[in-house]
Amino acid sequence: MPATSITSLRAAPCELIIDTDPGADDLVALLLAMASPDELSIRAITTVAGNVHLAKTSRNARLACEWGGREDIPVYAGAARPLVRAPVHAAELHGEEGLSGVTVHEPAKPLSQGNAVQYLIDTLGAAEPHSITLAMLGPQTNLALALIQRPEIAKGIKDVVVMGGAHFNGGNITPTAEFNIYADPHAAEVVLASGVRLTYLSLDLTHTLLTSDARLRQLAAIHNRASQVVVDILNAYIKHDMDVYGMPGGPVHDASVIAYLVKPELFSGRRVHLVVDSREGATFGQTIADWYGVLKRPANVMWVSQGDAQGLFDLLSERLARLR
């Protein structure tokens with residue numbers, strides 16, 4: 001069965017909560033989302049520990065709002081550690097502050113009062129059925145905690161779109177696991193078991209959507225603050241993966257989730273049955289996608305496997321040009 005293209009019949013902006021652990025690629029994703037108000041109505045940003053500690057991910061999310069001119073978006077801090085496992089971070093990739101290549105500072109806009117998990121419980125619990133989409137750009141701890149406390153809030157969720165997982169080409173934190181899932185596989189299991197509609201954009205996809213010298217020049221040619229921030233971050237960030245994997249460019253993982261929400265026709269995939277491995281051992285954090293349906297089990301996720309790389313960078317360029 002071939003991969004199927006994905007289309008959108010959207011009549012109004014998607015009501016969106018972005019759950020994130022910025023992180024370089026998260027920052028690019030946030031700016032892309034902020035520059036796309038016709039497609040995405042961002043209700044809030046919720047932060048989680050992941051790429052760096054919670055205090056830094058929460059600061060970096062507020063920096064994104066400042067750099068994107070969207071300080072109206074509330075930012076709620078959430079879980080400081082995974083559900084079960086010991087915390088793990090990725091400072092060797094994202095830098096000690098989570099944003100290599102740029103100078104960070106304490107944003108003028110403070111965090112919103114309250115906790116991200118309670119925000120999710122309150123917002124999803126009060127929402128119309130199947131009305132709110134969640135973009136999950138880091139470990140899924142916040143949503144898992146909310147679902148554990150109030151399973152019925154799942155009815156308010158339209159879609160959960162995850163940057164996470166790996167199947168065909170291995171992981172990026174262990175030979176089998178992708179970082180976001182590895183950082184809290186138990187949370188990913190909770191979300192998977194909740195019955196919400198799930199879409200996964202994994203390393204199978206993001207390792208094909210790479211920067212190039214021409215694409216970085218394309219972004220730099222915009223000549224505004226947002227584009228300069230993105231280019232400076234990417235120039236520092238992509239070196240690690242290019243060195244480790246021998247790639248001609250670097251992936252911008254989390255930006256693919258926002259591009260998928262804004263312009264789904266750039267992507268194609270297949271509904272599959274997915275299992276997350278939370279057993280201790282060599283496959284801890286692995287995602288097993290039954291691509292060929294050999295288990296004969298019901299599909300529980302859309303696994304996005306292909307995308308238009310130049311289309312992604314054209315979209316990013318067009319939208320960053322709308323910012324300051």
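Since this is a predicted model, take the numbers as computed values, not measurements.
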Only counting residues at least two apart or in another chain, list the ones meeting side chain to side chain contact (heavy atoms under 4.5 Å, CB included) with [X].
| X | answer |
| --- | --- |
| V272 | R270, A289, W291, V301, W303 |
| A64 | L27, L30, M34 |
| D314 | Q218, Q310 |
| R279 | D277, T283 |

* Can you list the residues that meet the salt bridge (Lys or Arg N to Asp or Glu O under 4.0 Å) rule with R319, with sequence neighbours excluded? ->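 Partners of R319 under the salt bridge (Lys or Arg N to Asp or Glu O under 4.0 Å) test: E39.
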
* **Cation-aromatic face contact R85/Y182, 6.0 Å, 45 degrees** =>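 Ring-cation test returns yes.
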
Test side chain to side chain donor-acceptor pair (under 3.5 Å) applied to [X] - qualifying residues, sequence neighbours left out:
| X | answer |
| --- | --- |
| S268 | Q306 |
| T47 | S58 |
| R225 | none |
| D72 | R70 |

* Apply ring-ring contact (aromatic ring centres under 6.0 Å, His included) to F179 and list each qualifying residue two or more places apart in sequence or on a separate chain. =>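 Residues passing ring-ring contact (aromatic ring centres under 6.0 Å, His included) with F179: none at all.
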
* **Partner residues of F313 under the ring-ring contact (aromatic ring centres under 6.0 Å, His included) criterion, sequence neighbours left out** =>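 Listed in chain order: nothing, the list is empty.
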
Show me the donor-acceptor pairs within less than 3.5 Å that the side chains of residues 228-235 make with the rest of the protein, sequence neighbours left out.
residue	atom	partner	partner atom	Å
Q228	NE2	D232	OD1	2.8
Q228	NE2	D232	OD2	3.4
N235	ND2	V231	O	3.3

* Under-4.0 Å salt bridge between R43 and E15 ->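 Salt bridge between R43 and E15, a charged N being under 4.0 Å from a carboxylate O: yes.
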
* Asked: So does E92 have more than 12 non-hydrogen atoms from other groups sitting under 6.0 Å from CD?
  ->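 Counting other residues, nucleotides and ligands, CD of E92 exceeds 12 neighbours.
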
